Amino acid sequence: MRVTVIGAGYVGLVSGVCFADFGHRVICVDKDAGRIEALRRGEIPIFEPGLADLVAANISQGRLEFSNEPTGIGEADAVFIAVGTPSRRGDGHADLTHIYDVVREIAPLLSPTAIVVTKSTVPVGTGDEIERLLRELRPDAEIQVVSNPEFLREGAAIQDFKHPDRIVVGTDDARARAVVAEVYRPLYLNAAPILNVSRRTAELVKYASNAFLATKIAFINEVADLCESVGADVQDVARGMGLDNRIGGKFLHAGPGFGGSCLPKDTTALIKTAHDHGAQLRIVETVAAVNDQRKRAMARKVVAALDGPIRGKTIAVLGLTFKPNTDDTRDSPALPLITALHDLGAVVRSYDPAGMEQAKPHAPDVVCCASAYAAAEGADAVVIATEWEQFRALDLERLRRIMARPVIVDLRNVYRGDEMKRANFRYVAVGRPDAECRPVPSLAKRSAGRLGGAE
Ligand SMILES: NC(=O)c1ccc[n+]([C@@H]2O[C@H](COP(=O)([O-])OP(=O)(O)OC[C@H]3O[C@@H](n4cnc5c(N)ncnc54)[C@H](O)[C@@H]3O)[C@@H](O)[C@H]2O)c1
């Protein structure tokens, strides 16, 4: 089949290359000429494990092309729209400017029987509006508009795309349904369930799923706070809950709050949709509010770990991306934490394996370092904000030698309290009061002066 994907970001690029890998002939279109030039040179503009090899293989086999003009639209069996739908500045509604720009651009080029598939996350009713616009711009045509939301996770995007839990296809039109099913044929041969529903239902499945995942995270984070008060361990609580099949263990990791390009903006947009329709989503509203406050509140953990004001202190923040294995820093919890640390007068040094460039505009005062150890040099505390693999196995001896004070605030619960105790660190985690090792003897002995340094 011939497929055109508009928007070559995290979703469009991964979808396009996976469709090509299924055997389809795919053109990925993006208005960002620099991005397309880079892709043509074989450079991948985003950090996503396995993507570079898959792109190279499909280009060399002649199934994948890139263009910064709408190309192959008239010949495509299906045109997928995968452009961004960020939060609209000011009110939190999904900003659909890119979606409607694309629709206006491609309308004159579409074949009269084209299938337009929205892969971007769009509020309920957007498909109806796209259809109305296409009828207006192309009264001659019988174009079908399908909703096919995407559920991939950055960092595991190819695996998720090729082994989805479900493929949601929203249309009442049999021809459109058959075309989309054919695009995904290799997956349903692999037994991935296809859920055929109405277009509005498909649009809502995506938002309801993300709101529910956000709710799980916010829930376990509040339970973590309670654990700290009552002396329970949130990791064991989560495990005890998650082993119940009705609950499931995923998205029950306590931490600094959810971030990323989807959950924050999608929960907010869903709340706005509900308001517009006179419905209330009080649980989701609370989740969004609780999560917003939590990110900044993590700075209080740092203050507590250092026994008081942090003005003039140096804090090393390890990790800037919202999760590991991505360079995406959109709504990353690390960023409001850094702002809060700056507001409290701290000097913040940081290192992230992939997200330094992306984070810079949002954290201009951060001292960017070349490694975790460079960031930790002379620091009064190290804060683990993202659970990158390399931060899970830090050389604690080395860290202790180079830091001004041996204090670690582990917002991702990647270390064990007993190993930190053995390494003579003051260690603070999330929802694990037993992990708080304080004060270690050497810390107490040296607390009058500047701690650490060469030993
Ligand atoms: N990132 C994720 O993990 C994820 C997962 C599921 C769903 N989604 C949804 O998928 C959509 C895309 O997200 P993303 O993270 O891939 O966005 P992104 O910002 O990484 O990529 C969007 C791309 O679209 C391009 N673009 C914008 N307007 C265009 C136009 N008129 N013509 C051609 N290209 C245009 C941009 O240049 C950009 O490269 C969003 O609705 C998002 O909510 C994202």
Side-chain angles (χ1 to χ4, degrees), residues 4-18 27-39 44-49 51 66-73 79-88 92-107 109 116-124 126-127 130 147-161 164-168 202-203 205-211 213-214 258-270 321-332 355 358:
T4 293
V5 181
I6 318 249
Y10 292 90
V11 166
L13 186 54
V14 170
S15 306
V17 71
C18 288
I27 303 175
C28 285
V29 176
D30 202 292
K31 67 174 183 182
D32 181 339
R35 172 165 290 226
I36 292 300
E37 279 311 311
L39 282 163
I44 306 299
I46 56 174
F47 181 95
E48 184 60 50
L51 190 57
F66 297 102
S67 172
N68 73 323
E69 300 289 338
T71 308
I73 307 285
V79 177
F80 284 78
I81 302 177
V83 295
T85 50
S87 264
R88 191 162 68 191
H93 276 279
D95 182 346
L96 300 176
T97 313
H98 297 311
I99 297 278
Y100 294 130
D101 283 353
V102 168
V103 173
R104 283 191 203 89
E105 261 172 76
I106 63 173
L109 307 171
V116 173
V117 188
T118 312
K119 198 160 245 323
S120 300
T121 303
V122 293
V124 175
T126 305
I130 295 174
S147 167
N148 169 225
E150 182 49 56
F151 298 92
L152 62 77
R153 294 162 304 162
E154 289 173 23
I158 294 166
Q159 164 73 15
D160 283 357
F161 196 91
D165 292 335
R166 76 296 208 193
I167 300 157
V168 176
E203 289 167 340
V205 167
K206 173 65 189 176
Y207 278 98
S209 301
N210 272 358
L213 294 174
F258 58 79
S261 63
C262 292
L263 296 192
K265 83 170 172 68
D266 291 350
T267 44
T268 308
L270 182 62
T321 53
F322 79 98
K323 65 172 178 179
N325 294 324
T326 181
D327 56 353
D328 200 339
T329 58
R330 287 179 280 186
D331 269 315
S332 171
Q358 299 228 18

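Counting starts at 1 for both ligands and their atoms, following the listed order. This structure is a prediction, so every number in the text was calculated from the model and none was measured.
- Residue-level proximity to ligand 1 for Cys262 is carried by the side chain, the only part with a heavy atom below 4.0 angstrom.
- Shortest contact from atom 24 (O) of ligand 1 to any protein heavy atom: Gly7 CA, 3.5 Å.
- Contact between Gly16 and Cys28 at its shortest, heavy atoms only, is CA-SG, 3.9 Å.
- Among the atoms of Lys31, some N or O lies under 3.5 angstrom from an N or O of ligand 1.
- The single protein non-hydrogen atom nearest to atom 17 (O) of ligand 1 is Arg330 NH1, 3.9 Å, given as residue, atom name and distance.
- Note that CG of Asp101 is 6.5 Å distant from NZ of Lys31, once rounded to the nearest 0.5 Å.
- In terms of protein heavy-atom proximity, atom 21 (O) of ligand 1 is closest to Gly9 CA, 3.2 Å.
- Among Leu13, Val122, Asp30, the residue whose heavy atom lies closest to atom 37 (O) of ligand 1 is Asp30.
- Taking all atoms of both residues into account, the shortest heavy-atom contact from Pro45 to Asp327 is O-OD2, 4.0 Å.
- Panel note: side chain Thr71, backbone Glu69; a donor-acceptor pair is recorded below 3.5 Å.
- Here the CD1 atom belonging to Ile167 is positioned 10.5 Å from the CZ atom belonging to Phe151, to the nearest 0.5 angstrom.
- Listed by number with element, the atoms of ligand 1 under 4.0 Å from a non-hydrogen atom of Arg35 are 39 (O).
- In this structure, atom 22 (C) of ligand 1 lies nearest to the protein heavy atom Gly84 N, 3.6 Å.
- In this structure, the protein non-hydrogen atom closest to atom 9 (C) of ligand 1 is Thr121 OG1, 3.4 Å.
- Within the 4.5 Å cutoff, no side-chain heavy atoms of Thr121 are placed close to those of Val11.
- In this structure the side chain of Val83 reaches within 4.5 angstrom of the side chain of Ile99, judged on heavy atoms.
- Looking at Val11 next to ligand 1, an N or O pair under 3.5 Å apart turns up.
- Listed for the Arg35 side chain is no donor-acceptor partner under 3.5 Å among the backbone atoms of Asp30.
- Geometrically, ligand 1 and Lys265 share a nitrogen or oxygen pair separated by less than 3.5 Å.
- Checked by distance only, ligand 1 and Arg153 stay at 3.5 Å or farther apart across all their nitrogen or oxygen atoms.
- At least one N/O-N/O distance between Tyr10 and ligand 1 falls below 3.5 Å.
- Annotation for Gly72 and Thr4: closest pair O-OG1, 3.4 Å, computed over non-hydrogen atoms.
- Close approach of ligand 1 to Ile6 is summarised as follows: ligand atoms under 4.0 Å from at least one heavy atom of the residue are 32 (N), 33 (C).
- Close contacts of ligand 1 with Glu105, meaning ligand atoms under 4.0 Å from a residue heavy atom, involve 31 (N).
- Scanning all protein heavy atoms for the shortest distance to atom 1 (N) of ligand 1 gives Glu154 OE2, 2.8 Å.
- Taking the side chain as every heavy atom from C-beta outward, Tyr207 and Val124 never approach each other to under 4.5 Å.
- Considering each of Leu152, Val83, Val29, Asp266, the one bringing a non-hydrogen atom nearest atom 35 (C) of ligand 1 is Val83.
- Nearest non-hydrogen protein atom to atom 6 (C) of ligand 1 is Glu150 O, 3.2 Å.
- The N/O atoms of Ser261, backbone and side chain alike, include one that comes under 3.5 Å of an N/O atom in ligand 1.
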Pair Leu263-Phe322, side-chain contact (heavy atoms from CB on, under 4.5 Å): steps then yes or no: CA-CA 11 Å; Leu263 296 192; Phe322 79 98; over 6 Å; no

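- For the residue pair Glu203/Thr126, the side-chain donor-acceptor check at 3.5 Å is not satisfied.
- Closest to atom 40 (C) of ligand 1 among all protein heavy atoms lies Thr85 OG1, 3.5 Å.
- The CG atom of Leu39 sits 5.5 Å away from atom CG of Leu13, with the distance rounded to the nearest 0.5 Å.
- Contact annotation for Ser120 and ligand 1: heavy atoms of both the backbone and the side chain come within less than 4.0 Å of the ligand.
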